[in-house]
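Reading through the structure tokens given below for one structure.
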Amino acid sequence: MITLMLSMVPLVLERVVIGSVEHWMPVLIGLLLGSGLIVYARQKLNKQQQEFLIHVLAVGMSLTVISFHLHQYSLGTYNIQNDLPLYLCSLLAILMPVFTHFRKYWMYEILVFWIIAGTVQAIITPDIATGFPTFNYFRYWAVHLGLLTIIFYATLVFKMAPNFKSIFKSIFALQVYVVLMVVTNYLLNANYFYLNEKPKSASLLDYFGEWPLYIIVVQLILIPYFLIIYLPFYLVQRRSKTKK
């Protein structure tokens with residue numbers, strides 16, 4: 001038994017490897033559960049029940065992130081330079097109940113691009129310092145897969161969709177967030193949103209050069225990247241108009 005327990009220690013302590021079972025298994029489970037939830041809501045629930053279901057999911061995700069940070073703080077190792085929930089996806093996870101409660105279109109316009117752009121990158125190249133079955137591991141996947149589920153739920157169940165102007169509204173809002181993080185990083189000597197240093201794990205940023213070049217490159221590709229995200233919405237809207 002002791003030998004078995006010791007053999008599990010490296011699994012817990014090691015950073016999650018891209019392409020490993022720890023990487024693709026939660027993605028597969030999340031996609032199945034998320035798509036199943038959307039299909040169930042569309043076919044079985046009335047409007048009030050649909051609104052309640054997605055709000056419960058958002059609140060659960062938010063509480064997961066808050067609980068994780070309270071747990072980390074209780075361990076006495078909490079570091080405000082690294083551990084505050086200011087990375088975009090963690091911050092969105094905490095605030096998501098605001099969107100699911102009010103469901104304002106301007107919120108959706110911003111979130112649809114932020115979430116799809118951010119979570120796809122995070123899912124393809126996860127940056128998880130400790131693997132299964134740590135709290136951090138479950139928190140990471142609950143946040144990124146949960147955000148993706150919520151935004152597609154809003155799209156497919158509530159029939160919300162961005163327009164062309166939404167691209168630039170979302171980019172402008174992102175610049176506001178970046179400025180806030182620049183100030184925060186300066187005050188705390190931190191690296192939130194990876195504005196001072198690339199993540200330790202492999203990521204798309206590795207192809208964009210060293211600091212500060214990768215930041216400039218990301219800014220330059222935002223518009224074409226968001227246009228690619230918008231393209232499926234545009235094609236569906238165009239097809240719908242053609243049928244009418």
Side-chain angles (χ1 to χ4, degrees), residues 26 29-73 83-120 122-123 135 138-163 165-181 184 192-193 226 229-230 232-233 236-237:
I29 294 173
L31 290 176
L32 290 174
L33 291 177
S35 58
L37 185 72
I38 292 171
V39 171
Y40 174 75
R42 292 188 63 177
Q43 296 181 354
K44 303 294 184 180
L45 304 182
N46 59 40
K47 184 178 180 181
Q48 185 176 5
Q49 292 170 329
Q50 291 172 346
E51 294 171 353
F52 177 76
L53 178 59
I54 197 61
H55 190 56
V56 168
L57 178 62
V59 170
M61 183 175 61
S62 179
L63 291 177
T64 298
V65 177
I66 294 172
S67 298
F68 171 77
H69 285 274
L70 290 176
H71 172 68
Q72 291 296 104
Y73 182 79
D83 299 330
L84 292 176
L86 295 179
Y87 291 99
L88 190 58
C89 289
S90 293
L91 185 61
L92 290 181
I94 292 176
L95 299 177
M96 192 53 60
V98 177
F99 168 65
T100 56
H101 177 73
F102 293 104
R103 297 184 306 282
K104 297 294 185 181
Y105 180 67
W106 67 266
M107 295 180 183
Y108 173 85
E109 288 183 287
I110 294 171
L111 292 174
V112 67
F113 292 101
W114 285 18
I115 290 176
I116 293 177
T119 56
V120 168
I123 289 171
F135 195 171
F138 289 110
R139 187 267 324 165
Y140 184 93
W141 292 116
V143 166
H144 294 97
L145 296 173
L147 287 173
L148 206 58
T149 299
I150 288 174
I151 205 64
F152 277 109
Y153 188 104
T155 301
L156 299 172
V157 178
F158 297 144
K159 302 187 184 305
M160 304 178 82
N163 55 48
K165 292 182 180 179
S166 302
I167 297 172
F168 302 96
K169 292 179 183 179
S170 184
I171 290 176
F172 175 77
L174 186 60
Q175 302 311 306
V176 174
Y177 168 78
V178 168
V179 170
L180 292 175
M181 289 305 100
T184 300
Y192 291 108
F193 206 45
F226 282 18
I229 294 173
Y230 174 66
F233 294 99
V236 170
Q237 292 166 359

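Note that the structure is a prediction, hence the values are computed from the model and not measured.
Between the NE2 atom in His71 and the CZ atom in Arg139 there is a gap of 12.0 Å [rounded to 0.5 Å]. If you take OG1 on Thr64 and CE on Met61, they are separated by 8.5 Å, rounding to the nearest 0.5 Å. Taking CG of Leu91 as the start and CZ of Phe193 as the end, the distance is 10.5 Å to the nearest 0.5 Å. Annotation: the span from Ser166 atom OG to Ile229 atom CD1 amounts to 12.0 Å, rounded to 0.5 Å.
Of all heavy-atom pairs between Ala93 and Val65, the closest is CB-CG2, 3.8 Å.
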Throw together a table of side-chain donor-acceptor distances under 3.5 angstrom for residues 144-153, partners on residues two or more places apart or in other chains.
{"unit_1": "His144", "atom_1": "ND1", "unit_2": "Tyr140", "atom_2": "O", "d": "2.8"}
{"unit_1": "Thr149", "atom_1": "OG1", "unit_2": "Leu145", "atom_2": "O", "d": "2.9"}
{"unit_1": "Tyr153", "atom_1": "OH", "unit_2": "Gln50", "atom_2": "O", "d": "2.8"}

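Sorted by first then second residue, the salt bridge (charged side-chain N to carboxylate O under 4.0 Å, His left out) pairs that include residues 86-96, not counting sequence neighbours, number zero. Among pairs with a residue in residues 142-160, none fulfils salt bridge (charged side-chain N to carboxylate O under 4.0 Å, His left out), at least two apart in sequence or across chains. For residues 47-57, the pairs satisfying salt bridge (charged side-chain N to carboxylate O under 4.0 Å, His left out) are Glu51-Arg103, with sequence neighbours left out. Sorted by first and then second residue, the pairs that involve residues 170-181 and meet side chain to side chain donor-acceptor pair (under 3.5 Å), not counting sequence neighbours, are Trp114-Ser170, Gln175-Gln219. Sequence neighbours left out, not one pair with a member in residues 32-42 passes side chain to side chain donor-acceptor pair (under 3.5 Å). Under the ring pair (Phe, Tyr, Trp, His ring centres under 6.0 Å) criterion, the residue pairs touching residues 49-70 are His55-His101, Phe68-Phe135, His69-Tyr78, with sequence neighbours excluded.
Looking at Ile94 and Ser62, their side chains come closer than 4.5 Å, going by heavy atoms from C-beta outward. Under the 4.5 Å side-chain criterion, counting only non-hydrogen atoms from C-beta, Leu88 is in contact with Leu174. Two residues are said to be in side-chain contact when any heavy atoms from C-beta on lie closer than 4.5 Å; Ile54 and Leu57 meet this criterion. Between Ile38 and Val157, the closest side-chain pair of non-hydrogen atoms falls below 4.5 Å. In this structure, Thr155 and Phe233 have side chains that are in contact, with non-hydrogen atoms separated by less than 4.5 Å. In this structure the side chain of Pro162 reaches within 4.5 angstrom of the side chain of Tyr230, judged on heavy atoms.
For the side-chain contact (heavy atoms from CB on, under 4.5 Å) test, residues two or more places apart in sequence or in another chain that qualify with Ala154 are Phe99, Tyr108, Phe158, Met160. By the side chain to side chain donor-acceptor pair (under 3.5 Å) test, Tyr87 pairs with no residue at all, sequence neighbours left out. Annotation: salt bridge (charged side-chain N to carboxylate O under 4.0 Å, His left out) contacts of Lys169 (sequence neighbours excluded): Glu109. Phe226 meets the ring-ring contact (aromatic ring centres under 6.0 Å, His included) test with Phe113; sequence neighbours excluded. Listed by chain and number, the residues in a side chain to side chain donor-acceptor pair (under 3.5 Å) with Tyr105 are Asn163 (sequence neighbours excluded).
Thr100 contributes a side-chain N or O that, together with a main-chain N or O of Pro97, makes up a donor-acceptor pair within less than 3.5 Å.
If you run side chain to side chain contact (heavy atoms under 4.5 Å, CB included) between Leu92 and each of Val143, Ile110, Leu111, only Leu111 comes through.
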